[in-house]
Amino acid sequence: MTGAPQYLLAVYILGHRNGEPIGTGAVAEALDRSPATVTETFQRLDDDGLVEYRPYEGARLTDAGRERAAELHETYVTVSWFFRSVLDLDDSEGQAMRVAGLVSPIVAERLADTLPVETGDGPGADADDASATTDGERS
């Protein structure tokens, strides 16, 4: 995923972890982009009414941006869980970040239906496993 969805999702996740505003450097590092590219994208998202961008401060999600980012986050969590649980990908979160904006809600729902249900009992079902999906992934 390149473009607005990936940046909105990054601002959403980083905002939950660190508070807003989110600086260009933090998003650049999270997405492996240059700060100049992040600045340009923040300016475009500001023009679109999805973030409020202030140079040298960073970006804050608007209500419309937060709503769109929350939808993206739900898809991101499902896709990340699928990549980790079913495909056993090492970089499930990074891969999910790249594709979350490309997955429709119906596809995300069907992916979620295929995922194993974690009941908290059985082999490997301990507190460490449960906390792995709550560190900034679920909301």
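- Between Gly49 and Ala64, the shortest heavy-atom contact is O-CB, 4.1 Å.
- The heavy-atom pair separating Ala28 from Pro35 by the smallest distance is CB-N, 3.8 Å.
- Side-chain atoms of Thr114 come within 3.5 Å of backbone atoms of Leu111 as a donor-acceptor pair (strictly under, hydrogens ignored).
- Of the possible donor and acceptor atoms, none in the side chain of Ser92 sits under 3.5 Å from a partner among the backbone N and O of Asp88.
- No donor-acceptor pair closer than 3.5 Å links the side chain of Thr78 to the backbone N or O of Ala112.
- Remark: Arg66 engages Glu20 in a salt bridge, criterion side-chain N to carboxylate O under 4.0 Å.
- Nearest heavy atoms, Arg44 versus Ala4: NH2-N, 4.1 Å.
- When all heavy atoms of Leu9 and Leu72 are compared, the pair lying nearest together is CD1-C, 4.1 Å.
- Under a 3.5 Å cut-off, the side chain of Thr37 and the backbone N or O of Arg33 do not form any donor-acceptor pair.
- Distance check: His73 NE2 to Arg68 CZ gives 13.5 Å after rounding to the nearest 0.5 Å.
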> Given the rule in the side-chain contact (heavy atoms from CB on, under 4.5 Å) test, do Thr39 and Tyr53 qualify, once you have shown the distances and angles that lead to the verdict?
Replying inline: CA-CA 9 Å; Thr39 297; Tyr53 173 66; 3.5 Å; yes

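- Between Phe42 and Tyr7, the angle of the ring planes goes over 60°, which puts this pair in the perpendicular group of the 30/60° scheme.
- Leu115 and Ile106 fall within the same hydrophobic cluster, defined by Ile, Leu, Val, Met, Phe, Trp and Tyr side-chain heavy atoms under 4.5 Å apart, directly or through other members.
- Note on Leu87 and Val99: same hydrophobic cluster, where clusters join Ile, Leu, Val, Met, Phe, Trp and Tyr whose side-chain heavy atoms are under 4.5 Å apart, directly or indirectly.
- In this structure, Tyr76 and Ile13 approach most closely via the heavy-atom pair CE2-CD1, 3.8 Å.
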> Where do Leu8 and Leu50 land on the side-chain contact (heavy atoms from CB on, under 4.5 Å) test, with the steps shown first?
Replying inline: CA-CA 8 Å; Leu8 286 174; Leu50 297 171; 3.9 Å; yes

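- Remark: side-chain polar atoms of Thr75 are not paired, donor with acceptor, to backbone N or O of Ala100 under 3.5 angstrom.
- Of the inter-residue distances, the one linking Arg54 atom CZ with Arg60 atom CZ reads 9.0 Å to the nearest 0.5 angstrom.
- At least one side-chain heavy atom of Gln6 sits less than 4.5 Å from a side-chain heavy atom of Leu31.
- Other residues, nucleotides and ligands contribute over 12 non-hydrogen atoms within 6.0 Å of the CG atom of Asp113.
- For CG of Asp63, the number of neighbouring non-hydrogen atoms (other residues, nucleotides, ligands) closer than 6.0 Å is 12 at most.
- Across every non-hydrogen atom of Leu61 and Ala69, the tightest pair is CD1-CB, 4.1 Å.
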> Could you go step by step and tell me if Thr62 and Glu67 meet the side-chain contact (heavy atoms from CB on, under 4.5 Å) rule?
Replying inline: CA-CA 8 Å; Thr62 62; Glu67 184 177 325; over 6 Å; no

